[in-house]
Amino acid sequence: QVQLVESGGGLVQAGGSLRLSCAASGPTFRTYTLAWFRQAPGKEREFVAAISWSGLITYYGEPVKGRIAISRDNAKKSMFLQMNSLKREDTAVYYCAAAPSITRMISEYDSWGQGTQVTVST
């Protein structure tokens, strides 16, 4: 398994930017896909973005496509989510997750962080 800790959340105005980080640990980190999910109050957890172990393959969820970029640095055991042109509907708790292979399916992710709150004000 992989241990994950998110950081970088906070309060930002609509139209602004935020960069989330996910610090990973564990012997198999480098072989795992890493992803971001988010959960808004009263809503189900939804897929945001995923990146393969090599960093060569990325998936993005439709609500955020074109406004965000996912990246990872295996040497630093870290993953990042750069979010631009933030909207009020991006307000949610953002979770870092790990899976053996790249997928949008939440059920395939077996390691999760504790989450970091992102709040977008208008």
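Counting from 1, the numbers follow the sequence of the chain as shown. Note that the coordinates shown come from a computational prediction; the quantities given were computed from them, not determined experimentally.
Remark: Arg104 is not positioned above the aromatic ring of Tyr60, lacking an NZ or CZ atom under 6.0 angstrom from the ring centre and at most 45 degrees off the axis. Seen from the ring of Tyr95, Arg38 does not count as a face-on cation partner, given the 6.0 Å and 45° thresholds.
With contacts defined as side-chain heavy-atom distances shorter than 4.5 Å, the pair Pro27/Val2 does not qualify. Considering only heavy atoms from C-beta on, Thr119 stays 4.5 Å or farther from Val12 through its side chain. Contact annotation: the side chain of Glu6 approaches that of Trp36 to within less than 4.5 Å [non-hydrogen atoms, C-beta and beyond]. When side chains are defined from C-beta on, Leu11 counts as touching Ser121, because their heavy atoms get closer than 4.5 Å. For the pair Phe80 and Cys22, the minimum side-chain heavy-atom distance is 4.5 Å or more. Counting heavy atoms from C-beta on, the side chains of Thr33 and Thr103 never come closer than 4.5 Å. Counting heavy atoms from C-beta outward, Gln117 and Thr91 have side chains that approach closer than 4.5 Å. Contact of the Ser71 side chain with the Gln82 side chain is not registered, since no non-hydrogen atoms from C-beta on lie closer than 4.5 Å.
Ile70 and Ile68 fall within the same hydrophobic cluster, where Ile, Leu, Val, Met, Phe, Trp and Tyr residues are linked whenever their side-chain heavy atoms come under 4.5 Å apart, directly or through other members. In the hydrophobic clustering of this structure, Met83 does not group with Tyr59; members are Ile, Leu, Val, Met, Phe, Trp, Tyr whose side-chain heavy atoms approach within less than 4.5 Å, directly or through other members. In terms of hydrophobic clustering, with Ile, Leu, Val, Met, Phe, Trp and Tyr side chains grouped at heavy-atom distances under 4.5 Å, Tyr109 and Val64 are assigned to different clusters. Hydrophobic clustering (side-chain heavy atoms under 4.5 Å, transitive across Ile, Leu, Val, Met, Phe, Trp, Tyr) groups Leu4 together with Tyr94. Under the 4.5 Å side-chain contact rule for hydrophobic residues, Phe29 and Ile102 do not share a cluster.
No more than 12 heavy atoms of other residues, nucleotides or ligands shown are found within 6.0 angstrom of CD on Gln13.
Judged purely by atom type and a 3.5 angstrom limit, Arg88 has no side-chain atom pairing as donor or acceptor with the backbone of Val120. Judged by distance alone, the side chain of Ser78 and the main-chain N or O of Lys76 form a donor-acceptor pair under 3.5 Å. With hydrogens and angles ignored, the 3.5 Å screen pairs a side-chain donor or acceptor of Asn74 with a backbone N or O of Trp53.
The structure places CZ of Arg45 at 5.5 Å from CD1 of Ile106, a figure rounded to the nearest 0.5 Å.
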* Asked: Given Ile51 and Ile57, is the side chain to side chain contact (heavy atoms under 4.5 Å, CB included) satisfied, shown in steps?
  -> CA-CA 6 Å; Ile51 186 167; Ile57 302 172; over 6 Å; no

* To do: Could you walk me through whether Asp90 and Arg67 pass side chain to side chain contact (heavy atoms under 4.5 Å, CB included), step by step?
  => CA-CA 11 Å; Asp90 294 319; Arg67 299 189 293 118; 2.8 Å; yes

* Given the rule in the side chain to side chain contact (heavy atoms under 4.5 Å, CB included) test, do Thr122 and Lys87 qualify, once you have shown the distances and angles that lead to the verdict? -> CA-CA 8 Å; Thr122 56; Lys87 304 176 182 180; over 6 Å; no

* To do: Assess whether side chain to side chain contact (heavy atoms under 4.5 Å, CB included) is satisfied between Lys77 and Arg72, documenting all intermediate values.
  => CA-CA 8 Å; Lys77 296 186 177 181; Arg72 67 189 289 169; over 6 Å; no

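In this structure, Ala35 and Ala50 approach most closely via the heavy-atom pair CB-CB, 3.8 Å. The two residues Gly9 and Val118 make their nearest non-hydrogen contact at CA-CG2, 4.2 Å. Nearest heavy atoms, Ser85 versus Ser17: N-OG, 4.5 Å. Nearest heavy atoms, Leu34 versus Ala98: CD2-CB, 3.8 Å.
With sequence neighbours left out, Ser101 forms a side chain to side chain contact (heavy atoms under 4.5 Å, CB included) with no residue at all.
Ring geometry for Trp112 versus Phe37: interplanar angle of 30 to 60°, hence tilted.
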